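Accompanying notes for the structure given below.
Source: prediction; values computed, not measured.
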Protein chains: 2
Amino acid sequence: MVYRDSFHKTLEDYPRPSVAVDTAVLTVPPGGELAVVIVSNRLPGTFIHPGERLSDAVLRSLREKAGIEGLRPRQLLVFDDPDRDPRGWVISVAHADAIPTRRLNPNRSHYLLPVARLDKLDYAHNEIVELAVAELRADYVAAPDPAQLLEEPFTLRELHTLHEAVAGEPLQRDTFRRAMVPMLAATGERSTGSMGKPAELYRRG
Amino acid sequence: MVYRDSFHKTLEDYPRPSVAVDTAVLTVPPGGELAVVIVSNRLPGTFIHPGERLSDAVLRSLREKAGIEGLRPRQLLVFDDPDRDPRGWVISVAHADAIPTRRLNPNRSHYLLPVARLDKLDYAHNEIVELAVAELRADYVAAPDPAQLLEEPFTLRELHTLHEAVAGEPLQRDTFRRAMVPMLAATGERSTGSMGKPAELYRRG
DNA sequence: GTAATAGTGTCTTTCAGACAGTATTCA
DNA sequence: TGAATACTGTCTGAAAGACACTATTAC
């Protein structure tokens, strides 16, 4: 059987795939390492509903499966292997975003896995996580905490520690400072309660 | 009506969108500027067929609508506005690739439009072209002619002219040379027939 | 010869890496 | 006071921008 294209042909003639979304939600627990939100050994996902945007399907799946609200997920890539899903012909659009750990709802069935030591997830979800991590790392090279994981105001040390967690490797302290300070807004306030000289508190520029 | 997810639920219960592909094919005519292949005021596209990969649908649409063969299109992004297409619920996956102008079939209904002066295309196709151009430009900063638009062997002048056409702006000659030579393989041969000192001929490293 | 093109030398600026130094706080 | 942390000064090396210079060809 052959399906032919024509502008005036009705769409009903074409068999259609189911369209799903899967989302890698990254976070950095305080003092911890970069981790991804997992629900029963895979990324939270769902099928899109009629009239729905992909991003709305992502938000719905995160709300229902992990109690996460208020993200702005970005598309990563489309998985289109017709044999990928045993249930049938499914096309899956991978998404990614990051969220502060304090906004994760602890009374839920999801859990965090560090991305550096990730076992095999169901489907091709490891690849999604890798892409999400690569995007987040690229963003964090260019700007201070672009995903707004830190609560304002913050010290340069807190920012440095966060960026090292995202990068997965040490970042030179003075180079980091010189690169970031011009993109930050100093508050004039100083940190309190810590050992050593109190640090300037900053907000994102 | 509400559609609920369940691993064991059959996929037949879900209304499904049609899934299309649209492709921005970029090229640089000899001595010309960066241009995109257009078919009747839009990018070539089609609906995917059952069992087909997105990239195969792209290749099929390019073959049937523009006589183009042998590309390896890359995904750019998914257009998912439910009201985008007047024919119904259509999700479109934008793709991009580049092709040497000499491989374009002139006996076809497609035509080239320079990307610098692009009128409004149908659908949201201008955005696809912009993304495709941005990706191509990023690739051409990092490597000599990664899309293999030039026939080998080529001189540094030819490479330089091509990279300027892709970038859409002048590129410093000596800096360009120093950046590219380590990534090229000198043939030991020299160009002939031109004014001035004959140039070394190179192949891609 | 001149015009045109190919290719090199080198100075300056910029910036990351590296390391050492000074400054200010807590215990 | 010493330990810990914040912040700055400065040297070095790599690379880009800029410009001038030499080299080899066609005419």
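Map Pro198(B) and Glu200(A) each onto its nearest nucleotide of DNA chain D; the residue landing nearer the 5' end is Glu200(A). Between Leu201(B) and Gly196(B), the residue anchored closer to the 5' end of DNA chain C is Gly196(B), taking for each the nucleotide with the nearest heavy atom. Of the two residues near DNA chain C, Arg190(B) and Arg190(A), the one whose nearest nucleotide lies more 5' is Arg190(B).
Judged by distance alone with a 3.5 Å cut-off, a donor-acceptor contact links the side chain of Arg178(A) to the base of dT10(D).
A salt bridge links Arg74(B) to Asp139(B): at least one charged side-chain nitrogen sits closer than 4.0 Å to a carboxylate oxygen. With respect to Asp22(A) and Arg42(A), no salt bridge is recorded, no charged nitrogen being found less than 4.0 Å from a carboxylate O.
Residue Ser191(A) is out of contact with every strand shown, counting any heavy-atom pair closer than 4.0 Å. Across all strands, Arg157(A) comes closer than 4.0 Å only to sugar-phosphate atoms, never to a base (heavy-atom distances). Within the nucleic acid shown, Thr155(A) has no heavy atom closer than 4.0 Å to any nucleic acid atom.
What you find for Glu52(B) and Ala57(B) is that their closest heavy atoms are OE1-CB, 3.4 Å.
The phosphate of dA16(D) has neither OP1 nor OP2 within less than 4.0 Å of any side-chain N or O from Gln172(B).
Proximity of a side-chain donor or acceptor of His95(B) to a complementary backbone N or O of Ala24(B) within less than 3.5 Å is not detected.
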